[in-house]
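When a ligand or atom number is given, it counts from 1 through the structure's own listing order. These figures come from a predicted structure and were not determined experimentally. Values below: every heavy atom of this structure, side chains too, minus hydrogens, waters and symmetry copies.
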Amino acid sequence: MSAMRGEFSSRIGFVLAAAGSAVGLGNIWGFPTQAASNGGAAFLLVYLVLAFSLAYPALMAELIIGRHAHANAVTALKGIAPGPGSRRLGAATGGAGFIVASLILSFYAIVAGWMIAHLLAAMAELAGARATANWLVEFTLPRNVLFMGLFMALTVGIIRGGVSAGIERWSRRLMPTLLVTLVLLVGYVLTLEGAMTGLKIYLLPDFKALLSPQLIISALGAAFFSLSLGVGTMLVYGSYISDRENLPVLGGVVTLVDISIAVMAGFLVLPAMYVALHNGVDIFTAGGALISEDTLIFTVLPALFETMGFTGSLVALVFFFLMTVAALTSSISMLEVPVAYTIESSAISRRRAAAGIGALISLISLAILLNFEFLFGFVVSLTTRYAQPLLGFMYCLFCGWLWHRDSILQELRRGSPDAGNTLFWKLWPGYVRYVCPAIILLIFLHSLLG
Ligand code: PFF
């Protein structure tokens, strides 16, 4: 089978694709808004600690299992399971990842659709087509369905191309574009009046918030979501890495890129909020808390752009373009999970699988749009707050308890012969065996009971 499977053609190709999966709406929208409402730098600090101490080891678990099996998540987990009971558990975990990845894509495509609509609205505004611009930013069912469908079509189009001609090629184009766009926007926003107040909020920690369980749970969820963990995306991307590569280094680079972009997005979004305040836009809720999440991106920022006239429309265009690109490199990795499983376990071709599964997920998105009030928040928290950390826990269980330690070391040695003497190997096995599962469970139970 492995001869027929795709493979990333180069190290940088993998890094850009995996970082592309990791860097998404979670970094540019989720992280800064959560930091804004959870004590600024306090959240940043907890996030950094959790990302390196928990999310990175969990990411490594997925990459190592994937590269070892060179197969989709179900086959890979079944393959490393030592007995019939654990094989069933492996199949169930892989299968659950398939479903959760599809559900995440179903709400992600809706939000990404809004980003495309706002991008086009900025263009319409520049062209003087006010009525069209207004229609594009209004929350209506036809608009939501149209742009969700368009975004899903783009995602399917890339995944149909396969690993190197689809995922890798587009990640190579889109990731550098994203980085340049982000740097330009940060540079510009920091020159505006009011930005420094936002910067202070971001960089001066509110230590009272530091030990709040709510903050820690939010930061863990954010770190898992941001690194695309638990659902098998990183496992599948890991399965396309060549045996010559040094996995701990590659995983480290991906984690670093992901964290850096989230931190950098904080330098954009928080200052922008205070620029908005300076320009007369309200950024606090009735209760006095900072506005966050959807209200921030779709109300505060557009209101800010509006106060800036023609330049505002240009900046809006660049901002929503950035969001669309970030979303696309993530959504392709979500769709790849069910597609890889389908083509490897049946005779269906990649093109058909991508189109068929994309259509099915669009139907789920449609159901969410038709029952938006009830379903949207429910699907978001079910998948990102509960399912992702729990499935991450399962991957740690497989790497820490079920898969033989010697086989793991052998796998690492393929890409780096002296893997056994590295700091990674001294720390990581104990980490995935005890530390990660215990902390994930603790935080999880707390969030269930709280
Ligand atoms: N990491 C992506 C983000 O930060 O937006 C979200 C994500 C991608 C979650 C892929 C899960 C996934 F499988």
Within a strict 4.5 Å, meaning less than it, do heavy atoms of the L328 and S331 side chains meet?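 Side-chain contact under 4.5 Å: yes.
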Quick one: side chain to side chain donor-acceptor pair (under 3.5 Å) pairs with a partner in residues 40-53, sequence neighbours left out? Y47-S226
When you check the gap from the basic side-chain N to the acidic O, do E336 and R350 get nearer than 4.0 Å? yes
Carboxylate-amine/guanidinium proximity below 4.0 Å for R67 and E245: no
Where does ligand 1 get N/O contacts under 3.5 Å from the protein, atom by atom?
{"residue": "ligand 1", "atom": "1 (N)", "partner": "S21", "partner atom": "O", "Å": "3.1"}
{"residue": "ligand 1", "atom": "1 (N)", "partner": "A22", "partner atom": "O", "Å": "2.9"}
{"residue": "ligand 1", "atom": "1 (N)", "partner": "F225", "partner atom": "O", "Å": "2.8"}
{"residue": "ligand 1", "atom": "1 (N)", "partner": "S226", "partner atom": "O", "Å": "3.0"}
{"residue": "ligand 1", "atom": "1 (N)", "partner": "S228", "partner atom": "OG", "Å": "3.1"}
{"residue": "ligand 1", "atom": "4 (O)", "partner": "A22", "partner atom": "O", "Å": "3.0"}
{"residue": "ligand 1", "atom": "4 (O)", "partner": "G26", "partner atom": "N", "Å": "3.4"}
{"residue": "ligand 1", "atom": "4 (O)", "partner": "N27", "partner atom": "OD1", "Å": "3.2"}
{"residue": "ligand 1", "atom": "5 (O)", "partner": "L25", "partner atom": "N", "Å": "3.1"}
{"residue": "ligand 1", "atom": "5 (O)", "partner": "G26", "partner atom": "N", "Å": "2.8"}
{"residue": "ligand 1", "atom": "5 (O)", "partner": "Y108", "partner atom": "OH", "Å": "2.6"}

So for atom CZ, which belongs to R11, do other residues, nucleotides or ligands contribute more than 12 heavy atoms lying within a distance under 6.0 Å?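 At most 12 heavy atoms, drawn from other residues, nucleotides or ligands, come within 6.0 Å of this atom.
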Test log, rule ring-ring contact (aromatic ring centres under 6.0 Å, His included), inputs F372 and F139: CA-CA 11 Å; F372 192 81; F139 190 94; 5.1 Å; yes
